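None of these values were measured; they are calculated from a predicted model.
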Amino acid sequence: MAKASTTTSSRTNKAARKRAARETQGAPRSSTRAAAYALSAAREAELLREAESLGDNTVVFPGKLARRVIWSSRIQLAAERDAADLVRTPFPEDEPALTREEIHALRDKIELLRAAQSRWQAAQQRQEQAVAMFKGPAAEAALHRQTLLRFFDLRFKKSPEGQKRLMAIRAGSGDADLVQDVSDLLLLCSEHAEALHKAPRGEADAAARLRELSPLLARMLADKTLSPEAQRSRKLRDAAYTLVVHAERRLRAAAEYWYAGTDKMKDYAPFPVSRGAASTGDGDEEEGEAAAEDGAPEGDASEEGAADGDASEEGATEDGEPNEAEDEG
C-alpha cells in the first residue's frame with residue numbers, strides 16, 4: 001500500500017514540475033482548473049448547425065474526454081498567445097484567412113464537444129440499463145422455447161409443413177429473433193391448444209408464461225435498441241469532435257509556418273492516440289493532465305490525418321461501436 005502511495009505521489013510531483021517548467025518557459029498552462037466556461041444557447045445552436053452540416057464527413061470520437069479537452073485547450077491558449085503572428089499566415093487563396101475570432105472559437109467547439117459527449121453518454125447509459133434488464137426475461141423465454149419446440153418436434157414428426165414452421169423458428173439468432181420466435185410459438189400453441197394441455201412435461205405452463213413474457217420482451221427490445229434520438233446524439237458528438245480536429249489543424253498549419261523547428265511547436269502537437277484497446281472512460285483527471293502535458297508517448301500514433309478520412313482513431317471508440325450501423329449494444 002505504501003509503495004502505491006509513493007508511486008502516485010511521484011507521478012503527481014512529476015506533473016507539477018512539468019507544469020512549473022512549462023509556465024517558466026512561457027507555455028500556456030493546461031485548463032483543467034480554469035474558470036468555468038459555458039456556451040450561450042445562441043452560440044451552441046450556431047455550432048450545432050455547423051456540426052450538422054458536416055453530414056457523414058465526421059471522425060469517430062475515440063474517448064478520453066478529459067485528456068482530449070486538456071490537450072485542445074492547450075492548443076487554443078497557445079494560439080491566443082501567438083495570435084499576432086498566426087493571423088498573418090498566408091494561407092492559399094482557396095482557404096479563408098485565420099482570424100482572432102476563429103482562434104477564440106476553438107474554445108466554444110471544445111465546450112460543444114463536452115456537452116455533446118454528455119448527452120450521448122446519458123443515452124448510452126439508458127440503453128445499457130435496458131440491455132441488462134432484457135437478459136433475465138430473455139433467458140427464461142429461451143428455456144420455454146426449447147420446451148415447446150420439443151413438443152412440436154414430436155407432433156410434427158410426419159408433417160412437412162409443421163417441420164418447415166419449426167425450421168423457421170430455429171433459423172434465426174439474436175434478441176430480435178427470440179422475440180419473433182416467441183410470437184410464432186404462441187401462434188402454434190393456440191392452434192394446438194387441446195393437445196398442448198394434455199402434454200405431461202409442463203408445455204401448457206411454458207406457453208402460459210410465454211404469453212406473459214411476449215409483450216414485455218417486445219417492449220424491452222425496443223428500449224435496448226438505440227433510439228433515433230440516441231443515434232442523433234452520437235452523430236452530433238462525432239461532428240462536434242470533428243469541428244475541434246479541423247480547427248486544431250488550421251492552427252497547427254499556421255504555427256508550422258511561423259514556428260517550425262522551435263519549441264513553440266510542442267504546444268500545437270496533435271493528440272496522441274494509443275494503439276490497442278480503446279479507453280472506456282475519462283480516467284483520473286490528475287493523471288490525464290500529467291499524460292497530456294508529457295506529450296505523445298513513445299509508440300503512440302497521433303490523430304493527425306484522421307479528419308481526412310484515413311482516421312487513425314476510427315475503430316477505437318469510447319462506446320465500443322466503430323460505426324453507426326451497429327445500433328444494438
Side-chain angles (χ1 to χ4, degrees), residues 26-31 34 37-62 65 68-117 232 235-273 292 296 301-314:
R29 182 176 179 177
S30 168
S31 63
Y37 181 79
L39 287 176
S40 68
R43 178 57 174 153
E44 181 173 354
E46 179 185 354
L47 286 174
L48 284 173
R49 288 193 294 271
E50 183 179 351
E52 289 173 336
S53 72
L54 295 173
D56 294 328
N57 299 317
T58 59
V59 183
V60 176
F61 178 62
L65 179 67
R68 193 61 181 81
V69 165
I70 291 170
W71 199 278
S72 297
S73 298
R74 186 182 70 178
I75 293 174
Q76 195 271 334
L77 288 171
E80 293 275 10
R81 177 195 65 199
D82 301 328
D85 289 337
L86 299 184
V87 296
R88 295 187 293 131
T89 303
F91 279 103
E93 289 76 9
D94 60 347
E95 282 194 54
L98 186 64
T99 65
R100 290 180 182 273
E101 290 75 18
E102 182 179 349
I103 292 171
H104 184 74
L106 176 55
R107 189 177 187 186
D108 293 342
K109 292 170 182 176
I110 293 169
E111 292 308 311
L112 179 68
L113 174 58
R114 282 186 192 270
Q117 174 68 353
R232 181 176 181 272
K235 188 171 183 177
L236 282 176
R237 185 276 313 273
D238 291 343
Y241 173 61
T242 304
L243 292 181
V244 170
V245 172
H246 284 171
E248 288 178 355
R249 293 185 65 174
R250 287 257 296 164
L251 297 180
R252 189 173 301 115
E256 284 174 350
Y257 173 78
W258 289 97
Y259 310 125
T262 72
D263 286 343
K264 275 192 174 183
M265 279 307 301
K266 294 178 181 179
D267 297 326
Y268 296 91
F271 184 72
V273 182
S302 81
E303 67 184 9
E304 183 72 13
D308 283 340
D310 54 346
S312 58
E313 296 177 346
E314 198 96 20

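- For the pairing with E248, the salt bridge (Lys or Arg N to Asp or Glu O under 4.0 Å) check across K109, R68, R74 returns one residue only, R68.
- Every residue meeting the side chain to side chain contact (heavy atoms under 4.5 Å, CB included) condition with A116, not counting sequence neighbours, appears here in chain and number order: R237, A240.
- Taking A269 as the reference, W71 meet the side chain to side chain contact (heavy atoms under 4.5 Å, CB included) condition, with sequence neighbours excluded.
- The side-chain heavy atoms of L77 and D267, taken from C-beta on, include no pair separated by under 4.5 Å.
- Side-chain atoms of R88 come within 3.5 Å of backbone N or O of A84 as a donor-acceptor pair.
- Side-chain atoms of D56 and K235, non-hydrogen and from C-beta on, do get closer than 4.5 Å to each other.
- Atom CD in E111 sits 10.5 Å away from atom OG in S72 (nearest 0.5 Å).
- Within the 4.5 Å cutoff, the side chain of P270 has heavy atoms near those of the R252 side chain.
- Between E256 atom CD and T262 atom OG1 the span is 10.5 Å, to the nearest 0.5 Å.
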Would you sort out whether R49 and E44 count as a side-chain contact (heavy atoms from CB on, under 4.5 Å), showing the intermediate values? CA-CA 9 Å; R49 288 193 294 271; E44 181 173 354; over 6 Å; no
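- Partners of P90 under the side chain to side chain contact (heavy atoms under 4.5 Å, CB included) rule, at least two apart in sequence or in another chain, are Y257.
- Counting heavy atoms from C-beta on, the side chains of Y241 and V59 come closer than 4.5 Å.
- Nearest heavy-atom pair across I75 and L251 is CG2-CD1, 4.1 Å.
- Between V244 and L112 there is no side-chain heavy-atom pair separated by less than 4.5 Å.
- With sequence neighbours excluded, the residues that form a salt bridge (Lys or Arg N to Asp or Glu O under 4.0 Å) with R43 are E46, D108.
- Residues R100 and A83 share a closest heavy-atom pair of NH1-CB, 3.3 Å.
- Checking side-chain atoms of T89 against main-chain N and O of L86 turns up a donor-acceptor pair under 3.5 Å.
- Between L243 atom CG and S53 atom OG the span is 7.5 Å, to the nearest 0.5 Å.
- Checked by atom type and distance alone, the side chain of Y259 never pairs as donor or acceptor with a backbone atom of A254 at under 3.5 Å.
- Of all non-hydrogen atoms in F61 and D238, the two that sit nearest each other are N-OD1, 3.1 Å.
- Put simply, the side chain of L236 reaches to within 4.5 Å of the side chain of L48, judged on heavy atoms.
- E95 meets the side chain to side chain contact (heavy atoms under 4.5 Å, CB included) test with F91, P92, R250; sequence neighbours excluded.
- R232 pairs by the side chain to side chain donor-acceptor pair (under 3.5 Å) definition with E52, not counting sequence neighbours.
- For the atom pair CG (L113) and CD1 (I110), the distance works out to 8.5 Å, reported to the nearest 0.5 Å.
- For the residue pair V87 and T99, the shortest heavy atom distance occurs at CG1-C, 3.9 Å.
- The side chain to side chain donor-acceptor pair (under 3.5 Å) check on E93 picks up nothing, with sequence neighbours excluded.
- What you find for W258 and D85 is that their closest heavy atoms are NE1-O, 2.9 Å.
- The side chain to side chain donor-acceptor pair (under 3.5 Å) test applied to E80 returns Q76, H104, not counting sequence neighbours.
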